[in-house]
Amino acid sequence: MSMRIEKDSMGELEVPEKALYGAQTQRAINNFPISDEPLPEAFIRSLILIKAAAARANEALECITPKMSKAIQQACDELLSADDLMQHFPVDVFQTGSGTSSNMNANEVIATLASAYHGSAVNPNDHVNYGQSSNDVIPSAIHVSATLELTGHLLPALEHLKDAILEKGTALAGYTKTGRTHLMDAMPVRLDQTFHAWAAQLQDNIDNLTYLENKTTQLAQGGTAVGTGINAHPDFAIKFAKELSDLTKVTFVPGKNFFALIGSQDTAVALSGQLKAVAVTYMKIANDLRWMNSGPLAGLGEITLQALQPGSSIMPGKVNPVIPEATAMVAAQVIGNDAAITIGGQSGNFELNVMLPMMAKNLLNSIKLLANSGHLLADNAIATLTVNEDKLNQALHRNPILVTALNPIIGYGKAAEIAKKAYKEGRPVVDVAEEETNLSRDELLALLDPAKLTHGGV
């Protein structure tokens, strides 16, 4: 590989001849050969959007010339439209905790492209990074990328999953099944009640994420190094937020306290906690589907999930619940990501949190995993499952717990005797109750009607 010599404040070093980045990026590449994993593309795109908005704000405030601003904006536009964007951003996630290496990576790449548009040198620090610091840029990029990924991907995916569950549940309202508590037979429920409960969980998650979105749109940009705003125009924060809002079509505002947004990452921690709650909901739905689908002979076998692929390399004909299993693994990963983000949030030392890149990567990874698996769960599991009505009824009418409906008439003790006898003899509870009470069979059939029992009441 042919190399060129670049220089920064620490001296000279070799950089690949065709690389758009410069010396500081190359030092980071050399210093952090840890994971071979760069920051997510969503984060890099937000970083570039921040640079474009900053150029527009600085032009309006007469801090850089219109020609300079236009050149920087053109460079950002070129990068955002490039199919090979990420080749220019190779810095490892595990780098300096402020993310300075990634900020300078963006500054250098944009400066190289902007210089060609400008016709003379555009400086990464003095021009592209004017009025900014890594310490306010990277926290802002975390908020911006999280906001855009929430609005553009996760919230629509959750709405899609919720709608699929509601639609399927409504279609299955005529089916009654054995309810279960402690994995043991309990009073009957309708399938629409089961499905609509999942949808209610998802709606709660949507509401909570929407609330937190009002926090992620508050930005640290303008606080510069420690929160005081040194070297930034006094009006930069307000003007920057307006320009970024125009670029993204999402309303961003300056943070109420730059010191808090730079010295901590409480909003990211809170958002991650809510993503963990989504993961817990996903795990609940996935496990319920797996149990209901279990069998086909020795399990519950209440539903049949769509067959998507062979389930075994040795057992012919075996089909597994692959989408719920994948969803459960996503949930586990998101919960793990949250643990790392929680530890990262504890690393706000005085005026700067120093685990920003790791937190950004895990936060965006959680959003991406939940969004993608939410669509799969909706389209390839919920929408396509079928109900095994014979299997439902086989267990339902032999369920001794149905005798609970007789409690107000014959008392708990007598009802318990009937339930135990029905279970021991393997007989329908209505038959035993007819022998053990003075109630007629017609009365018992009405009282023990599983579908009627799902409506509650005495």
Side-chain angles (χ1 to χ4, degrees), residues 21 25 28-29 31-51 79-80 85-107 109 134-154 157 209 212-213 215-216 219-220 261-262 264-276 278-279 329-349 352-373:
Y21 52 76
T25 301
I29 294 170
N31 287 337
F32 308 115
I34 297 175
S35 71
D36 291 326
E37 183 178 354
L39 279 158
E41 184 172 344
F43 181 87
I44 298 301
R45 288 185 172 277
S46 294
L47 195 52
I48 295 168
L49 284 168
I50 285 170
K51 298 299 174 180
L79 288 169
L80 291 172
L85 169 66
M86 292 306 293
Q87 70 167 321
H88 306 302
F89 296 89
V91 177
D92 203 282
V93 167
F94 300 99
Q95 53 171 285
T96 176
S98 62
T100 298
S101 297
S102 288
N103 184 41
M104 282 309 303
N105 185 180
N107 290 334
V109 169
S134 300
N135 297 353
D136 63 352
V137 166
I138 300 301
S140 294
I142 291 175
H143 278 213
V144 173
S145 58
T147 301
L148 297 180
E149 290 301 292
L150 278 176
T151 58
H153 296 104
L154 180 55
L209 286 171
L212 284 170
E213 189 183 337
K215 301 293 185 182
T216 62
L219 304 180
L261 290 171
I262 294 172
S264 73
Q265 278 296 308
D266 291 350
T267 296
V269 172
L271 176 56
S272 178
Q274 182 52 49
L275 295 174
K276 180 176 68 174
V278 176
M329 286 189 283
V330 162
Q333 183 62 64
V334 171
I335 292 167
N337 288 348
D338 177 67
I341 290 170
T342 300
I343 294 171
Q346 297 173 358
S347 295
N349 309 131
L352 181 67
N353 183 286
V354 290
M355 287 199 183
L356 299 177
M358 179 276 291
M359 296 180 74
K361 179 256 184 183
N362 280 7
L363 194 66
L364 293 172
N365 178 252
S366 291
I367 294 173
K368 178 180 179 180
L369 291 176
L370 291 170
N372 290 346
S373 60

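As the structure is a prediction and not an experimental result, all values here were calculated from the model. Computation of the quantities below employed the complete heavy-atom set of this structure, encompassing side-chain atoms and omitting hydrogens, waters and symmetry-equivalent molecules.
No side-chain heavy atom of E149 sits less than 4.5 Å from a side-chain heavy atom of L154. With a 4.5 Å cut-off on side-chain heavy atoms, V137 and K51 count as touching. Two residues are said to be in side-chain contact when any heavy atoms from C-beta on lie closer than 4.5 Å; V278 and L209 meet this criterion.
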Between N365 and Q333, is a side-chain contact (heavy atoms from CB on, under 4.5 Å) present by the stated rule, with each step listed?
CA-CA 9 Å; N365 178 252; Q333 183 62 64; 4.1 Å; yes
Between L275 and I341, does a side-chain contact (heavy atoms from CB on, under 4.5 Å) hold up when you go through it step by step?
CA-CA 11 Å; L275 295 174; I341 290 170; over 6 Å; no
Please step through side-chain contact (heavy atoms from CB on, under 4.5 Å) for the pair L219 and I50, ending with a clear verdict.
CA-CA 11 Å; L219 304 180; I50 285 170; over 6 Å; no
Taking it one step at a time, do L85 and R45 satisfy side-chain contact (heavy atoms from CB on, under 4.5 Å)?
CA-CA 9 Å; L85 169 66; R45 288 185 172 277; 3.8 Å; yes
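To the nearest 0.5 Å, atoms NE2 (H143) and CG (L150) are separated by 11.0 Å. In this structure, I48 CD1 and F89 CZ are separated by 4.0 Å, a value rounded to the nearest 0.5 Å. The OG atom of S35 sits 10.0 Å away from the CD atom of Q95 when rounded to the nearest 0.5 Å. Between atom CD1 of residue I29 and atom CG of residue N105 there is a gap of 7.0 Å, rounded to the nearest 0.5 Å. Distance check, rounded to the nearest 0.5 Å: CG of D136 to CG of L352 gives 10.5 Å. The CG atom of L356 sits 9.5 Å away from the OG atom of S347 when rounded to the nearest 0.5 Å.
With hydrogens and angles disregarded, a donor-acceptor distance shorter than 3.5 Å links the side chain of T342 to the backbone of D338. Side-chain N or O atoms of S145 include one that pairs as donor or acceptor with a backbone N or O of I142 at under 3.5 Å. Judged by distance alone, the side chain of N353 and the main-chain N or O of G344 form a donor-acceptor pair under 3.5 Å. Side-chain atoms of D92 do not come within 3.5 Å of backbone N or O of P38 as any donor-acceptor pair.
The number of heavy atoms from other shown groups lying within 6.0 Å of NZ (K276) does not exceed 12.
Scanning all heavy atoms of the two residues, the minimum distance from V269 to G345 falls at CG2-CA, 3.8 Å. Nearest approach of S140 to A220, heavy atoms of both residues: OG-N, 3.4 Å. A268 approaches M359 most closely through the heavy-atom pair CB-CE, 4.3 Å. Closest approach of L39 to M86, counting heavy atoms only: O-CE, 3.3 Å. A340 approaches N362 most closely through the heavy-atom pair CB-ND2, 3.2 Å. Of all heavy-atom pairs between S101 and V91, the closest is CB-CG1, 3.8 Å.
Partner S134 forms a side chain to side chain donor-acceptor pair (under 3.5 Å) with one of T96, N103, N107 and no other, that one being N103.
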